[in-house]
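Accompanying notes for the structure given below.
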Amino acid sequence: MAIFVDENTRVVVQGITGRDGGFHAREMMAYGTQVVAGVTPGRGGQVFDDKVPVYDTVAEAVREHDANTSVIFVPPFGAAGAICEAADAGCKLIVCITEGVPTLDMVKVMPYIQERGARLIGPNCPGLLAPGIAKLGILPTSIVKEGPVGLVSRSGTLTYEVVYQLTAAGLGQTTCLGIGGDPVIGTTFMDAIMAFNEDPRTEAFVMIGEIGGDAEEKAAAYIKEHVKKPVVSFIAGQTAPPGKRMGHAGAIVSGGSGTAAEKKKALEAAGIPVADRPMDIVPRLQEIWKR
Amino acid sequence: MAIFVDENTRVVVQGITGRDGGFHAREMMAYGTQVVAGVTPGRGGQVFDDKVPVYDTVAEAVREHDANTSVIFVPPFGAAGAICEAADAGCKLIVCITEGVPTLDMVKVMPYIQERGARLIGPNCPGLLAPGIAKLGILPTSIVKEGPVGLVSRSGTLTYEVVYQLTAAGLGQTTCLGIGGDPVIGTTFMDAIMAFNEDPRTEAFVMIGEIGGDAEEKAAAYIKEHVKKPVVSFIAGQTAPPGKRMGHAGAIVSGGSGTAAEKKKALEAAGIPVADRPMDIVPRLQEIWKR
Amino acid sequence: MNIHEYQAKEIFRSFGLPVPGGKVATSVEEAVALAGEQGLPVMVKSQVLTGGRGKAGGVKFCATMEDVKENAEKILGLDIKGHIVRKVLVTPAVDIASEYYIGMLIDRNSKRVLLMASAEGGVEIEQVAKDTPELIFKQTIDPRYGLLDHEALGMGMRLCPDDIRKARQLAAAMQKLYKAFVESDASLAEINPFIFTPDGTGHAIDAKVNLDDNAMFRHPGYEELRDLDEENPAERRAREAKLSFVKLEGNVGCLVNGAGLAMATMDLVKYYGGQPANFLDIGGSSNPEKVVNALEIILSDPEVKAILFNIFGGITRCDDVAKGIIAATGSMDINVPIVVRLTGTNEEEGRALLAETDLVPAATMDEAVQKAIELAG
Amino acid sequence: MNIHEYQAKEIFRSFGLPVPGGKVATSVEEAVALAGEQGLPVMVKSQVLTGGRGKAGGVKFCATMEDVKENAEKILGLDIKGHIVRKVLVTPAVDIASEYYIGMLIDRNSKRVLLMASAEGGVEIEQVAKDTPELIFKQTIDPRYGLLDHEALGMGMRLCPDDIRKARQLAAAMQKLYKAFVESDASLAEINPFIFTPDGTGHAIDAKVNLDDNAMFRHPGYEELRDLDEENPAERRAREAKLSFVKLEGNVGCLVNGAGLAMATMDLVKYYGGQPANFLDIGGSSNPEKVVNALEIILSDPEVKAILFNIFGGITRCDDVAKGIIAATGSMDINVPIVVRLTGTNEEEGRALLAETDLVPAATMDEAVQKAIELAG
């Protein structure tokens with residue numbers, strides 16, 4: 001088991017005929033993910049790589065192939081629309097990789113997908129990789145390994161760095177999840193933590209935060225109250241100057257709040273070790289995790 | 001019993017300090033309706049007629065007096081907002097008397113009240129009078145009488161005319177309901193008919209339609225399928241020219257549909273007698289009603 | 001409120017819809033000058049508030065300035081279903097490769113705005129709806145989200161399955177039309193046809209908009225769109241006096257409180273073999289001024305031979321209503337008989353007051369209607 | 001994107017908010033002329049993209065033309081927290097009877113726009129939030145319905161419990177501010193203060209707006225609002241090259257793929273006693289042109305003494321990345337040492353390619369950071 005995916009995950013790739021969509025669709029399929037259809041308006045009737053039928057709409061793709069999940073690679077101006085389309089077509093899990101989606105588009109999307117009972121991951125995220133089960137997004141498969149550790153992160157390559165170290169230390173993963181660096185995202189730290197906490201295969205997990213917002217503080221409070229599994233954290237951006245957006249639209253210290261120091265304090269107050277360096281994450285986890 | 005109201009109906013009057021709101025609040029109270037509070041922004045703290053406390057917001061009124069119903073007498077530009085406020089404050093029945101509310105305001109209001117589980121009657125309607133129980137709106141109490149007949153109508157004074165004749169013939173009413181003459185209204189014929197059909201005290205009922213839309217046709221189909229109680233109908237506007245709005249915003253024959261003739265045909269096809277004149281309604285009802 | 005094509009196009013243009021240029025002329029000279037400005041060929045289109053302009057010869061293609069002159073002469077002053085053409089729209093003629101219908105209206109059942117579209121554009125959509133309803137695609141629009149990208153593009157692809165570029169243009173037009181509909185408080189908005197030229201560019205070449213009368217308070221500028229020439233003088237006066245009034249062809253003038261009762265009264269006049277002269281709802285009040293206005297409007301019609309008041313008092317007391325009627329009729333010089341039926345609170349007191357006047361009292365609606373028909377002769 | 005007060009006011013005005021008139025001057029003469037046009041008294045307000053203008057002497061009341069001249073002279077050229085004042089807003093001074101704060105921002109937790117308002121206007125709202133949070137009222141706004149009448153009026157009455165007229169003005173201002181926020185794709189919009197004059201009329205006399213960079217594609221006109229004088233030249237170049245870059249004060253230039261890893265790299269430089277010269281995310285590609293741009297931007301800072309590439313290959317192959325770095329550095333004349341850490345697919349091949357160059361390879365992030373600090377001296 002993993003969180004959010006299982007062997008019944010049947011994927012539609014929105015934007016499959018685009019450069020990124022095509023590349024990553026192949027990567028997902030190569031990992032054994034059930035990519036059952038692609039969607040590009042105007043390309044209905046084509047077949048992607050002689051394997052995957054392409055439709056004009058997600059509704060047709062879902063109807064024809066009983067899909068339940070969508071992974072979205074479309075340009076920013078079309079991303080919110082693509083998410084709504086997937087939710088409206090009945091997809092219950094939607095992973096939006098697209099970077100640069102206007103925040104108010106996401107604000108508007110949220111109640112729409114909620115009314116349709118869909119879970120969104122992202123946007124502006126690497127997606128999810130459940131080793132041995134499925135890959136939904138762009139996480140590199142070469143660095144993962146099946147095992148008992150969950151990982152959730154607002155970042156992309158920093159996640160890879162940590163996964164790489166976990167795998168190198170022989171600690172495989174149940175699910176590696178990048179929730180994205182935007183201010184308004186579908187699945188939050190809290191959602192991921194609740195899922196990891198309930199997932200019987202996840203024995204311990206790692207949470208990689210960064211400056212901006214207070215999602216890490218909220219997660220810390222929840223963990224303190226409800227989570228018995230070992231958790232270690234890391235917060236990027238200790239040296240970030242206030243008022244500047246550090247790449248991610250959500251990574252900004254504003255009005256003196258959302259600092260790495262605050263987050264570290266909240267996490268430690270909740271009993272969660274916070275690694276000073278990325279390479280300290282595995283040792284800190286091993287310290288508290290009595291296997 | 002009646003439909004939509006009972007002895008627990010506790011009413012807030014929005015616009016109680018206005019001329020119409022004040023007048024009809026008094027009338028409602030005189031009939032024994034539990035008017036527990038009034039609302040006029042900026043008049044919070046006043047007491048209406050030395051009896052009813054006035055609040056700035058419906059939320060306060062509901063909180064202080066456990067109200068569950070609102071009757072709205074505010075100008076057209078404020079009506080949609082007043083309905084939303086009542087629903088948001090927890091009122092489960094909202095009667096909007098106001099005439100002249102923009103149709104798109106009502107389109108926007110509908111999902112809002114639905115999400116909050118509230119029923120709306122109106123706008124542009126005389127409201128509801130359940131003889132012996134409560135009056136919510138402006139129907140004249142002098143013409144009603146307790147009894148077994150339900151009455152639902154898109155009209156105001158035409159309703160009074162029919163109620164008057166029912167009462168004169170000794171046929172009292174469970175509930176007299178004016179649903180309003182606008183194109184987009186909260187409670188429809190269908191809703192009212194389902195309620196009358198389920199109400200054990202209502203033995204027979206009368207449906208007063210008029211030109212425009214196809215609510216009468218829809219109701220006819222439902223009655224044919226589901227209703228065993230005797231029903232008689234009347235349709236106003238046989239002589240109305242096409243394309244002209246006959247007073248009510250919803251009373252218009254457009255593109256050749258919504259005519260009185262069509263409605264009459266649909267009702268008769270469903271086995272519902274349609275009276276030619278208002279004064280034929282009671283006799284037609286007595287014909288088919290074996291008491 | 002119904003507005004002209006050129007006014008609807010102005011609204012559409014302000015919401016970014018692709019509307020060809022064009023201006024309105026009220027004389028042949030002006031039309032010729034506009035055609036010169038815009039360059040040939042042009043369309044000369046009558047601006048009247050009724051359908052079937054094309055069939056009536058009110059829309060003409062003009063390849064030369066001679067054509068413009070000739071057609072403008074023919075069209076200006078033309079009578080189309082009782083509407084006299086006073087204005088023509090002179091607009092660039094475009095080559096038409098394909099035509100579509102896009103329309104929005106309030107759907108009473110879903111309580112939402114309904115988008116309807118069809119590849120059978122340029123013809124009467126009511127006819128398409130009757131003959132081949134399967135060629136009309138529909139989409140109700142959730143007011144909370146508006147017309148979403150996938151809904152609009154889905155419609156576009158249904159209309160134009162083989163050309164995504166055109167499908168996207170249609171989708172964009174539908175989204176803009178929805179914005180125009182909502183922000184102008186329309187009750188109907190149509191583009192018929194939306195066309196593509198041979199090079200694949202879309203244009204809204206005809207436009208129809210009805211505005212919600214109830215929302216005019218939000219759009220003070222729209223009052224200027226009202227074409228007073230298109231309005232019956234009695235209806236205009238009624239509108240200014242805030243009375244609901246519709247002119248009919250009969251001789252029994254009706255003053256009724258409430259729209260439903262007013263319609264039922266008209267129907268009853270007809271039932272007894274008479275002809276109602278009008279629909280008029282004087283509302284709930286007993287204000288003599290309103291009654292005076294109503295009477296003046298009705299009496300401006302020389303066909304009216306009798307007047308029928310049908311008032312169900314409801315909460316308003318009948319004696320007050322009677323006083324209002326007596327005051328109003330007393331202040332005027334009226335040469336036709338007036339039948340008054342008053343029912344409701346204090347109806348006997350009301351009738352007693354009427355008994356002292358020339359007004360003819362009646363106890364029931366039936367009696368009143370029959371008396372009025374008889375008096376109208 | 002942060003914009004100036006005068007630009008924010010222009011947006012607010014276009015949405016119907018009551019903003020006093022006012023124009024921008026770039027010279028003392030112009031300021032005096034504007035004051036003459038508008039009539040005394042006026043405020044002369046520095047236009048810089050930072051807070052605390054008042055405390056720094058950048059906002060002055062001017063009762064006479066002498067005052068205008070004197071204050072414009074003082075303010076133009078003033079350095080406020082590193083921002084040089086190049087423009088002043090000259091705007092009519094209004095009498096203030098009471099002051100309110102109205103602001104909107106994106107609330108990450110509710111995933112909605114959050115309205116905040118306080119009767120403690122005209123002061124730093126962060127301070128109010130810290131000291132007396134109970135004086136700030138909040139309302140999250142459902143994007144499906146917008147700020148509803150009763151929500152806005154409820155806020156207005158909480159701010160102004162004893163004056164319904166003022167409460168209504170505040171409510172209307174909040175609803176307009178919401179419309180402005182949404183339609184301009186703002187991420188922050190504040191009126192601080194919204195004031196009432198002694199006669200009870202409301203005015204938005206200060207304005208602050210941040211626009212969502214991600215939504216600029218929808219607002220082509222907003223690009224003109226960008227004040228290039230306020231931008232660090234290196235940051236401007238990075239923006240034009242579509243690189244995420246933030247200038248810092250250290251000497252270790254960092255080129256990292258991914259924002260999170262870039263922050264973690266900076267943090268690690270600091271951890272080992274070094275000082276990062278910048279934040280820079282070169283993104284996922286191995287495009288040599290992007291690398292050249294990034295290097296040029298970093299090297300434009302004379303403080304930079306060493307350069308650190310930290311690349312986690314992920315799906316991009318490390319040999320491709322290495323080739324990109326080699327091509328980029330080979331085409332340039334670079335006088336500082338360059339440490340390269342490459343991890344991911346084909347990392348050994350990548351390192352083998354680097355071994356044939358002057359670039360200093362490193363196997364881990366820690367090693368790379370330590371080497372770069374050492375080489376920076």
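Letters A, B, ... are given to chains in the order of the sequence lines, protein chains preceding strands, and every chain is numbered from 1.
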Between [X] and chain A, with a heavy-atom cut-off of 4.5 Å, which part of the residue counts as in contact: side chain, backbone, both or neither?
{"X": "D:N2", "result": "neither"}
{"X": "D:E235", "result": "side chain"}
{"X": "D:L248", "result": "side chain"}

Practice task
Tell me, out of D:P143, D:G344, D:A186, who's got the most heavy-atom pairs with chain A below 4.5 Å.
Solution key: D:P143
Do [X] and [Y] have side chains that approach each other closer than 4.5 Å (heavy atoms only, starting at C-beta)?
{"X": "A:E210", "Y": "D:M263", "value": "yes"}
{"X": "D:F279", "Y": "A:R245", "value": "no"}
{"X": "A:T103", "Y": "D:R108", "value": "no"}
{"X": "A:I235", "Y": "D:D267", "value": "no"}
{"X": "D:N214", "Y": "A:P76", "value": "no"}
{"X": "D:F181", "Y": "A:L104", "value": "yes"}

Problem - Side-chain donor/acceptor of A:T157 to backbone N/O of D:N257, under 3.5 Å - result: yes
Practice task
Would you check if the side chain of D:D212 reaches a backbone N or O of A:P102 as a donor-acceptor pair within less than 3.5 Å?
Solution key: no
Looking only at heavy atoms, what is the nearest atom pair of [X] and [Y], with distance?
{"X": "D:A259", "Y": "A:M246", "answer": "CB-O, 3.6 Å"}
{"X": "A:A236", "Y": "D:G260", "answer": "CB-O, 3.8 Å"}
{"X": "A:V107", "Y": "D:R112", "answer": "CG1-CA, 4.0 Å"}
{"X": "A:V184", "Y": "D:K111", "answer": "CG1-CB, 3.9 Å"}

Identify which part of [X] has an atom lying under 4.5 Å from any heavy atom of chain D, answering side chain, backbone, both or neither.
{"X": "A:T188", "answer": "side chain"}
{"X": "A:F23", "answer": "side chain"}
{"X": "A:I208", "answer": "neither"}
{"X": "A:Q114", "answer": "neither"}
{"X": "A:P183", "answer": "both"}

Exercise for the section: Decide if atom CD of D:E240 counts as having more than 12 heavy atoms of other residues, nucleotides or ligands within a radius under 6.0 Å. Expected result: yes
Problem - Criterion salt bridge (Lys or Arg N to Asp or Glu O under 4.0 Å) on D:R218 and A:D105, from CA distance to verdict - result: CA-CA 12 Å; D:R218 275 205 277 256; A:D105 283 5; 2.8 Å; yes
